[in-house]
Protein chains: 2
Amino acid sequence: MTMELREAKDKFIQAWGAFGSQWGINRSMAQVHALLLISPEPLSTEDVMEQLDISRGNANMNLRALIDWHLVDRVLKTGERREFFQAEKDVWKIATHITRERKKRELEPMVKLLAELKRTEGTGTDSKAFRQMATDLHDLTSRIDAVLERSTRSDVQWFLKAASTLLR
Amino acid sequence: MTMELREAKDKFIQAWGAFGSQWGINRSMAQVHALLLISPEPLSTEDVMEQLDISRGNANMNLRALIDWHLVDRVLKTGERREFFQAEKDVWKIATHITRERKKRELEPMVKLLAELKRTEGTGTDSKAFRQMATDLHDLTSRIDAVLERSTRSDVQWFLKAASTLLR
DNA sequence: CGATAGTTTCAAATAGTATTGAAAGATATG
DNA sequence: CATATCTTTCAATACTATTTGAAACTATCG
């Protein structure tokens, strides 16, 4: 037996929220994102507040944060005073933006630190072991960095994705 | 100018802790891991407590958690009553274990849910849009899942890594 | 301009997580 | 088996992050 739309949406919002918080993204932000993702129409702050049962301040702050991350756009409706919000619907774009942001904010500083730590002084066993560890970690993180960079920048892949969407 | 060993170790432990907590791993656990990573010798609970200035309970709980994750091994020294702990030093293995665990615990359930949500009832625009979104997300997460699976299981890569370590 | 509709801010409250430390539980030792 | 040494547990506490809601702010309209 298949599911009701309402129920399915709720399940998705809850799951997305839980998933996000396991990865260091706060629950409300992930839920707001989920809600917008599955709304065919842009929503107002009021809509978000009601549907997720969160406060105005919370809704506002997380909407702004999502805009910062380029995951959500403000849209204006003619004849409407208030702002509406809509999520970027292309999941490939979403993944790209999140990856880029986190890479820049978190991975790159770590790579930089490790590169620095490889240059520690000392000739004792401890120093050597430490440098080896720093080197290994640096290699690994650099490789991860490179993979993300590649998959983020790959124009070929981007083109294929765009094409497959158009041809769907 | 290069750095003192002591200073470098501290920097690394602090950074690893901060990095971990951005990714949903608690600071102490990441710090304990960092400390063991850069210790040439296995450490006792007492050592960990002292060096990180944390309580016995905290040290014990995080050591156990790290053992759970297969990132740390208990080792026994002959003639010593207490247990010592040592981190898996091969960073490739570490990355593999973490990836596998998180994939299993977090990504797979999400893929499963999305597969289910694709089967929502209804013929309205909303239902269709929702199914489309679930489908897109399912495609993406499945692809991520596949990539992780590949890089986790790749015996070729494993062999190359092992070989390069031996030949270093 | 004054009223109205909407947005943003932020201090305080709440909820969630991590840490401590003392006590209980194990295990080895003489 | 009594003692010493080490490990584990867990209720209390401290700490951090999130959320609220009311007030301040801004823009629009007649």
Side-chain angles (χ1 to χ4, degrees), chain A residues 13-14 16-36 41-69 72-86 102 105-106, chain B residues 13-14 16-36 41-69 71-86 105-106:
Chain A
I13 291 170
Q14 297 315 319
W16 204 242
F19 191 66
S21 59
Q22 279 175 311
W23 287 88
I25 288 156
N26 93 48
R27 212 180 50 232
S28 297
M29 182 162 151
Q31 287 185 347
V32 171
H33 183 229
L35 174 63
L36 292 174
E41 290 302 309
L43 302 180
S44 67
T45 304
E46 209 84 21
D47 294 333
V48 172
M49 290 167 58
E50 275 172 25
Q51 299 207 38
L52 299 180
D53 192 22
I54 61 177
S55 73
R56 184 173 298 284
N58 194 3
N60 183 266
M61 139 173 289
N62 285 304
L63 283 167
R64 271 187 305 114
L66 288 166
I67 291 169
D68 264 9
W69 280 57
V72 165
D73 292 327
R74 277 176 217 274
V75 300
L76 297 172
K77 290 193 185 177
T78 48
E80 275 278 13
R81 179 96 166 260
R82 63 218 158 120
E83 298 173 323
F84 289 80
F85 303 91
Q86 104 186 315
R102 297 207 93 163
R105 294 182 192 184
E106 296 154 17
Chain B
I13 291 170
Q14 297 315 319
W16 204 243
F19 191 65
S21 59
Q22 279 176 314
W23 288 89
I25 290 155
N26 92 50
R27 216 184 43 237
S28 296
M29 180 162 153
Q31 287 186 346
V32 172
H33 184 229
L35 174 62
L36 292 175
E41 290 302 310
L43 301 181
S44 67
T45 304
E46 209 84 20
D47 293 333
V48 171
M49 288 167 60
E50 273 171 27
Q51 298 206 39
L52 299 179
D53 193 22
I54 61 177
S55 72
R56 186 172 298 284
N58 195 2
N60 183 266
M61 140 173 287
N62 285 304
L63 284 167
R64 271 187 304 115
L66 287 166
I67 292 170
D68 264 10
W69 280 60
L71 296 178
V72 166
D73 292 327
R74 276 177 218 272
V75 298
L76 297 172
K77 290 192 186 179
T78 48
E80 273 280 11
R81 175 90 170 270
R82 63 216 159 122
E83 297 174 324
F84 288 79
F85 303 92
Q86 105 185 314
R105 295 182 193 184
E106 296 154 17

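Naming convention: chains lettered A, B, ... in sequence-line order (proteins, then strands); numbering from 1 in each chain.
- B:Glu80 places its CD atom 18 Å from the P atom of C:dT27, with the value rounded to the nearest Å.
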Please assess A:Asn26 against A:Asn62 for the test side-chain contact (heavy atoms from CB on, under 4.5 Å), listing each intermediate value before the final yes or no.
CA-CA 9 Å; A:Asn26 93 48; A:Asn62 285 304; 3.7 Å; yes
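- For B:Leu43 and D:dC6, the CG to P distance is 15 Å, given to the nearest whole Å.
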Start with the C-alpha gap between A:Phe85 and A:Thr45, add the side-chain angles, then the distance that decides, and say whether side-chain contact (heavy atoms from CB on, under 4.5 Å) holds.
CA-CA 8 Å; A:Phe85 303 91; A:Thr45 304; 3.5 Å; yes
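- Side chain of A:Arg74, nearest nucleotide from C:dT20, D:dT19, C:dT8: C:dT8.
- At the heavy-atom level, A:Asn26 lies under 4.0 Å from the strands shown only through sugar-phosphate atoms.
- When distances are taken from the side chain of A:Asn62 to each of D:dT8, C:dT7, D:dT19, the shortest belongs to D:dT19.
- In this model, the phosphate group of D:dT20 is approached by a side-chain N or O of A:Asn58 to a distance below 4.0 Å at OP1 or OP2.
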Take A:Arg102 and B:Trp23, measure what side-chain contact (heavy atoms from CB on, under 4.5 Å) needs, and give me the verdict at the end.
CA-CA 10 Å; A:Arg102 297 207 93 163; B:Trp23 288 89; 3.6 Å; yes
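- If you take CZ of A:Phe85 and P of C:dT7, they are 6 Å apart, rounded to a whole angstrom.
- Note on B:Thr45: a side-chain N or O is less than 4.0 Å away from OP1 or OP2 of D:dT7.
- Spacing between atom CZ of B:Arg27 and atom C1' of D:dC15 amounts to 9 Å, rounded to whole angstrom units.
- Looking at heavy-atom distances under 4.0 Å, A:Glu46 makes no contact with the nucleic acid at all.
- In this structure, of C:dT7, D:dT7, C:dT19, it is C:dT7 that holds the atom nearest to the side chain of A:Glu83.
- B:Arg56 has its CZ atom 16 Å from the P atom of C:dA24, to the nearest Å.
- Residue B:Ser28 places at least one side-chain N or O closer than 4.0 Å to OP1 or OP2 of C:dT19.
- Using a 4.0 Å heavy-atom criterion, one finds that A:Arg81 contacts the bases of the nucleic acid, with or without backbone contacts as well.
- To the nearest angstrom, P of C:dG21 lies 9 Å from CE of B:Met49.
- In this structure, B:Asp53 and A:Phe84 both approach DNA chain C, and ranking their closest nucleotides by distance from the 5' end singles out A:Phe84.
- Rounded to a whole Å, the CD1 atom of A:Ile54 is 17 Å from the C1' atom of C:dA13.
- Checking side-chain atoms of B:Asp68 against main-chain N and O of B:Ala65 turns up no donor-acceptor pair under 3.5 Å.
- Taking only side-chain atoms of B:Asn60, from C-beta outward, the nucleotide of D:dT7, C:dT20, C:dA28 with the closest atom is D:dT7.
- Looking at A:Asn60, its side chain never comes within 3.5 Å of a backbone N or O of A:Gly57 through a donor-acceptor pair.
- Ring planes of B:His33 and B:Trp16: tilted class, angle from 30 to 60°.
- Listed nucleotides: D:dT9, D:dT7, C:dT8. Nearest to the side chain of B:Arg64: D:dT9.
- Per the geometry, CD belonging to A:Gln22 stands 16 Å off P belonging to C:dG16, to the nearest Å.
- Comparing A:Arg82 and A:Met61 by the nucleotide of DNA chain C whose heavy atom lies nearest to each, the residue mapping closer to the 5' end is A:Arg82.
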